[in-house]
Amino acid sequence: MDIFKFGGASVKDAAGVKNLANIVRDYKKGNLLVVISAMGKITNRLEDLTHAFLSQNDDAHAIFEEIKHFHFSIIDELFEEKQHPVYDDVANTFVEIEWLIEDEPDQNSDYIYDQIVSIGEIVSTKIVSAWLNETGSKALWADARNYIQTDNTYKEGKVDWVKTHQIIQKDLAPLLTDNIIVTQGFIGGTSENYTTTLGREGSDYSAAIFASCLDAAALTIWKDVPGVLNADPKWFDETELIAQLSYHDAIELTYYGATVIHPKTIKPLQNKSIPLFVRSFIQPEGLGTAITKENNPLPVPSFIFKVNQALISIFPKDYSFIIEENLSNIFELFHTHKIKINTMLNSAISFSVSIDDHPVQIEKLIKDLSEEFTVKYNRGLELVTIRYYNQQTIDRVTIDKDILLEVKSRHTCQMVMKNKSSSK
């Protein structure tokens with residue numbers, strides 16, 4: 001049995017849905033479970049809807065109408081029969097949002113976010129499942145919220161692995177014998193039957209959870225690139241396909257910000273030695289990238305760019321050493337404000353970190369840090385990570401740059417930089 005995962009780009013329109021159906025139809029190896037994200041950029045629009053509703057902005061209903069129109073336009077293009085059950089199925093799903101936004105937001109904002117944004121995955125899978133059945137593939141729609149069980153940490157649900165494994169083995173595995181299962185990425189459910197999400201872009205992680213709990217032969221993630229490349233094509237004119245990656249290197253690359261795979265995806269697969277394939281839905285005949293337990297070094301250096309970075313430097317007000325107690329307090333504040341550290345460096349009397357520049361969060365963090373420390377920061381920076389670096393690769397990315405922070409280990413170099421033209 002295999003797991004296929006398709007992201008939003010693969011189902012952004014009717015042509016994408018048809019292409020997905022062709023890939024599924026051509027699968028001849030055995031049982032198949034398909035995990036699908038929201039269509040196109042719909043998660044972004046559902047986030048816009050959530051923010052508009054929470055702020056009681058008049059745009060909320062207009063955004064909602066746009067979201068509905070987008071989906072029904074795809075359905076119109078797919079199904080000639082305008083009385084097809086998928087119309088009512090999708091309309092009834094959208095009613096869940098209608099009921100919610102008719103009231104004033106009087107509950108936890110993260111809870112509301114999960115109830116609204118999760119609808120993107122529910123609707124996309126209902127449409128794809130209906131199309132698979134329409135075109136001769138026997139598909140069964142399954143609600144991931146019934147199987148992936150989490151705690152009540154909304155927007156970042158923590159998976160109860162024991163309970164999830166038991167339910168998937170007992171209730172979902174038997175259904176795979178006679179059906180292609182179509183289910184959602186990104187979402188889970190609590191013991192009280194509330195919807196949670198697993199973190200932004202978390203559909204890859206969902207697919208890995210299903211793969212692990214079902215002891216799948218393999219997980220294939222279908223992307224709009226030929227596989228894992230050694231750099232993002234938007235930063236480099238020439239990139240190279242990495243045909244084989246170890247779990248270790250894959251975890252390192254995703255941790256440092258490579259966007260082709262969600263960071264949480266690898267570990268559940270590694271635990272059971274389940275191979276992960278990254279292949280192109282545009283050229284499905286291509287071999288793509290295989291991520292396995294084979295521990296070979298990368299054949300070429302890999303580059304990861306993160307823009308819109310802020311560099312925060314923290315100093316004790318009394319010029320005492322940065323010691324374990326200080327670091328404990330600092331990390332606690334970063335955790336409280338839900339700010340992820342992308343790289344860090346400490347010296348005797350300073351501790352510097354690079355983080356994604358979210359102005360509201362940073363302002364609150366600096367205010368709290370300033371009670372105990374002196375804080376300085378720079379914004380508008382970029383973080384470059386090179387895996388298997390050498391001096392030539394460093395020189396390649398530092399032309400006309402000032403390096404504000406540099407951290408090196410045996411295989412990885414990270415540099416926080418800004419353009420020389422912006423130096424003061």
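In what follows, residues are counted from 1 in the order of the sequence shown. Reckoned from all heavy atoms, side chains included, excluding hydrogens, waters and symmetry mates.
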Would you find more than 12 non-hydrogen atoms of other residues, nucleotides or ligands less than 6.0 Å from [X] atom [atom1]?
X    : atom1 : result
F305 : CZ    : yes
Q391 : CD    : yes
D237 : CG    : no
M344 : CE    : no
E104 : CD    : no
K234 : NZ    : no
K364 : NZ    : no
K338 : NZ    : no

Is the shortest side-chain heavy-atom distance between [X] and [Y] below 4.5 Å?
X    : Y    : answer
N230 : R387 : no
M415 : L405 : no
F64  : I101 : yes

Donor-acceptor pair, distance only, cut-off 3.5 Å: does the side chain of [X] make one with the backbone of [Y]?
X    : Y    : value
D204 : T265 : no
Q283 : R279 : no
N19  : F281 : yes
T153 : E156 : no
K12  : K41  : no
Q184 : R145 : no
D114 : T197 : yes
T254 : A258 : no
T125 : I122 : yes
T412 : K408 : no

Are H51 and N57 close enough, and set up right, to give a side chain to side chain donor-acceptor pair (under 3.5 Å), and what steps lead you there? CA-CA 8 Å; H51 297 148; N57 189 314; over 6 Å; no
Listed by chain and number, what are the ring pair (Phe, Tyr, Trp, His ring centres under 6.0 Å) partners of [X], not counting sequence neighbours?
X    : answer
F373 : none
H71  : F94
F4   : Y27, W222

The test is side chain to side chain donor-acceptor pair (under 3.5 Å); show your working for E47 and Y113 and say whether it passes. CA-CA 7 Å; E47 287 183 336; Y113 174 97; 2.6 Å; yes
Would you please test K272 and D215 for salt bridge (charged side-chain N to carboxylate O under 4.0 Å, His left out) and show each step? CA-CA 7 Å; K272 293 194 173 181; D215 296 311; 2.8 Å; yes
Assess, by modelled atom type and distance only, whether the side chains of S350 and S347 contain a donor and an acceptor separated by less than 3.5 Å.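 The answer is yes; a qualifying pair exists.
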Please assess D400 against K420 for the test salt bridge (charged side-chain N to carboxylate O under 4.0 Å, His left out), listing each intermediate value before the final yes or no. CA-CA 5 Å; D400 295 327; K420 283 185 179 293; over 6 Å; no
Are R379 and D357 close enough, and set up right, to give a salt bridge (charged side-chain N to carboxylate O under 4.0 Å, His left out), and what steps lead you there? CA-CA 7 Å; R379 301 174 75 170; D357 191 354; 3.0 Å; yes
side-chain hydrogen bond (donor to acceptor under 3.5 Å, both in side chains) with S212: which residues, sequence neighbours excluded?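 Testing S212 for side-chain hydrogen bond (donor to acceptor under 3.5 Å, both in side chains), a comparison that skips the adjacent residues, returns none.
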Taking only residues two or more places apart in sequence, or in another chain, which ones meet T292 in a side-chain hydrogen bond (donor to acceptor under 3.5 Å, both in side chains)?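 With sequence neighbours excluded, T292 shows a side-chain hydrogen bond (donor to acceptor under 3.5 Å, both in side chains) to Q244, given in chain and number order.
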If you take the centroid of each ring, where Trp contributes its six-membered ring, are F236 and F303 closer together than 6.0 Å?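 Yes, they do, as the ring centres are separated by less than 6.0 Å.
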For residues Y111 and Y194, establish whether the separation of their ring centroids is below 6.0 Å.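 Y111 vs Y194: aromatic centres under 6.0 Å.
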Which pairs count as side-chain hydrogen bond (donor to acceptor under 3.5 Å, both in side chains) when at least one residue sits in residues 161-171, sequence neighbours excluded?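 Every pair satisfying side-chain hydrogen bond (donor to acceptor under 3.5 Å, both in side chains) with a residue in residues 161-171: there are none.
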